[in-house]
J.: 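First the structure, which I've put down as structure tokens, then a few questions once you've had a look.
Counting convention: from 1, in listed order, for ligands and their atoms alike. Residue numbers count from 1 along this sequence.
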Amino acid sequence: MSIAMQTERLLLRPFEQRDAATVQSLAGQIEVAQTTLALPHPYPDGAAEAWIDFRKDAANKGHGYTFAIVDAANQQVMGCISLNISAEHRRAEIGYWLGKQYWGQGFATEATKRIVRFGFEALQLNRLIGAAMTKNPASCAVLLKAGLKHEGTFKQHIRKWDQFEDLDYFGLTKDMYFSN
Ligand SMILES: CC(C)(COP(=O)(O)OP(=O)(O)OC[C@H]1O[C@@H](n2cnc3c(N)ncnc32)[C@H](O)[C@@H]1OP(=O)(O)O)[C@@H](O)C(=O)NCCC(=O)NCCS
């Protein structure tokens, strides 16, 4: 399934191989990597190309959907937003990052609101979750502004760069989404 979605200011579309250099340069920023759970740092050569193929395969299999967050005004790729699906539970986890130069303009919130709608209305999921390091208030704010509710704090839940980090978990069920 290859899907593209629009919001007021953004185009969310699947990544293509031509985006690899931009992904490497944005995801390679230390400010982006330091609060994400999965981004390697430094970001190795060839990793963006492999990741784009991997995510395309995941979408074909229905395991997850990843979209480039593109500025609709100039087609610039600014970041990424994903849903990783647990099919058995009709549940998905939201993840995202933006290049540092694009922070603070509401883009992550705008993309997350659209992906929440995609998850419940197009994919008919039962539950969406998101997790952010407690020390990442911008990401916690994005999840709250997209309608997810704070469900708990997991103390020292992950080890990131040799430090144990607390994670805040946020969630929303289909029933909560459609009752609003
Ligand atoms: C998290 C991230 C995607 C946010 O992107 P963004 O487009 O700047 O987010 P938005 O502008 O939509 O919203 C950020 C909100 O956080 C708030 N915020 C930012 N820094 C904050 C702080 N230190 N304390 C409290 N709130 C803060 C902003 O005020 C804003 O809320 P507002 O619009 O109500 O004022 C971006 O910072 C990023 O890519 N970080 C690195 C990667 C990452 O951490 N990804 C998430 C992993 S869980």
J.: Any idea which atoms of ligand 1 are less than 4.0 Å away from a heavy-atom of Val32?
T.: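 Near Val32, the atoms of ligand 1 are 41 (C), 42 (C).
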J.: Salt-bridged, Asp168 to Lys135, with N to O below 4.0 Å?
T.: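 A salt bridge is absent here (no side-chain N lies under 4.0 Å from a carboxylate O).
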J.: When you measure from the side chain of Asp19 to the backbone N and O of Glu16, does any donor-acceptor pair fall under 3.5 Å?
T.: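 Yes; judged by distance alone, with no hydrogens or angles, the pair exists.
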J.: Protein heavy atom under 4.0 angstrom of atom 38 (C) of ligand 1, is there one?
T.: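 So atom 38 (C) of ligand 1 has protein heavy-atom neighbours under 4.0 Å.
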J.: Do the two ring centres, one from Tyr102 and one from Phe107, sit under 6.0 Å apart?
T.: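 No, the ring of Tyr102 stays outside the 6.0 Å limit from the ring of Phe107, centre to centre.
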J.: Between Asn136, Thr112, Thr109, Ile94, which one has a non-hydrogen atom sitting closest to atom 10 (P) of ligand 1?
T.: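 Among Asn136, Thr112, Thr109, Ile94, the closest heavy atom to atom 10 (P) of ligand 1 belongs to Thr109.
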J.: Closest non-hydrogen protein atom to atom 17 (C) of ligand 1, residue and atom name please, with distance?
T.: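 Residue, atom and distance for the closest contact: Ala141 CB, 4.0 Å.
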J.: By number and element, which atoms of ligand 1 are closer than 4.0 Å to a non-hydrogen atom of Ala131?
T.: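 Near Ala131, the atoms of ligand 1 are 48 (S).
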J.: Could you tell me whether a side-chain N or O of Tyr96 sits under 3.5 Å from a main-chain N or O of Ser139, the two making a donor and an acceptor?
T.: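 It does hold such a pair.
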J.: Taking the six-membered ring for Trp and the single ring otherwise, decide whether the centroids of Phe67 and Phe15 are under 6.0 Å apart.
T.: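 So the answer is no for these two rings.
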J.: Please determine which of Leu143, Val142, Leu144 meets the side-chain contact (heavy atoms from CB on, under 4.5 Å) test together with Thr109.
T.: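 The option that passes is Val142.
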J.: Using a strict cut-off of 4.0 Å, indicate which atoms of ligand 1 neighbour a heavy atom of Gly106.
T.: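 Checking each atom against Gly106, I get 10 (P), 11 (O), 12 (O).
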J.: Looking only at protein heavy atoms, identify the closest one to atom 5 (O) of ligand 1 and say how far it is in Å.
T.: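 Closest protein heavy atom to atom 5 (O) of ligand 1: Ala108 CB, 3.2 Å.
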J.: Tell me which protein heavy atom sits closest to atom 31 (O) of ligand 1, plus the residue, atom name and distance to 0.1 Å.
T.: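 Of every protein heavy atom, Lys145 NZ, 3.0 Å lies nearest to atom 31 (O) of ligand 1.
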J.: With heavy atoms only and a cut-off of under 4.0 Å, state how Met133 meets ligand 1: side chain, backbone, both or neither.
T.: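 It is neither; nothing of Met133 touches ligand 1.
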J.: Looking at non-hydrogen atoms alone, which of Ser139, Pro137, Ala132 comes nearest to atom 24 (N) of ligand 1?
T.: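 Looking at heavy atoms only, Pro137 sits closest to atom 24 (N) of ligand 1.
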J.: Hey, can you tell me if Trp161 and His41 have their rings parallel, tilted or perpendicular (30° and 60° cut-offs)?
T.: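 Geometry flag for His41 against Trp161: tilted rings.
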J.: Going by the order shown, which atoms of ligand 1 are within less than 4.0 Å of some heavy atom of Gly104?
T.: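 That gives atoms 6 (P), 8 (O), 11 (O) of ligand 1.
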J.: To check your reading of the model: name the closest protein heavy atom to atom 46 (C) of ligand 1, its residue, and the distance in Å.
T.: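 Ranking protein heavy atoms by distance from atom 46 (C) of ligand 1, first comes Tyr96 O, 3.2 Å.
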J.: If you scan the protein for heavy atoms around atom 29 (O) of ligand 1, do you find one that is closer than 4.0 Å?
T.: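 No, there is none.
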J.: If we ignore angles and hydrogens, is there a donor and acceptor under 3.5 Å between the side chains of Glu49 and Gln24?
T.: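 Judged by distance alone, the side chains do not pair up.
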J.: Do Tyr169 and Thr153 meet the criterion of a side-chain donor-acceptor pair at a distance under 3.5 Å?
T.: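 Distance-only check fails for Tyr169 and Thr153.
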J.: Could you check atom 44 (O) of ligand 1 against the protein and tell me its nearest heavy-atom contact, residue, atom and distance included?
T.: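 Sorting protein heavy atoms by distance from atom 44 (O) of ligand 1 puts Thr35 OG1, 2.6 Å first.
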J.: Let me know which of Ile85, Ile115, Leu128 forms a side-chain contact (heavy atoms from CB on, under 4.5 Å) with Leu123.
T.: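 The option that passes is Ile85.
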J.: Quick check on contacts: which atoms of ligand 1 are under 4.0 angstrom from a heavy atom of Thr36?
T.: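 Result: 42 (C), 43 (C), 45 (N).
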J.: Closer than 4.0 Å to some heavy atom of Trp97 - which atoms of ligand 1 meet that?
T.: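 Within the 4.0 Å cut-off of Trp97, ligand 1 contributes 39 (O), 42 (C).
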J.: Provide, to 0.1 Å, the distance between atom 40 (N) of ligand 1 and the closest protein heavy atom, together with that atom's residue and name.
T.: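 That would be Trp103 CZ2, 3.4 Å.
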J.: Do the side chains of Glu165 and Arg159 get close enough for a salt bridge, i.e. N-O under 4.0 angstrom?
T.: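 Result for this pair is no, no salt bridge flagged.
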J.: Does Leu98 approach ligand 1 within less than 4.0 angstrom via side chain, backbone, both or neither, non-hydrogen atoms only?
T.: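 For Leu98, backbone and side-chain atoms both sit under 4.0 Å from ligand 1.
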J.: With heavy-atom distances below 4.5 Å as the criterion, would you say the side chains of Leu26 and Gln101 are in contact?
T.: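 The answer is yes; the side chains approach within 4.5 Å.
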J.: Checking contacts here: is it the side chain or the backbone of Ala138 that comes within 4.0 Å of ligand 1, counting heavy atoms only? Could be both or neither.
T.: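 Looking at Ala138 and ligand 1, atoms from backbone and side chain both fall under 4.0 Å.
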J.: Within 4.0 Å of atom 35 (O) of ligand 1 (strictly less), any protein heavy atom?
T.: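 So atom 35 (O) of ligand 1 lacks protein heavy-atom neighbours under 4.0 Å.
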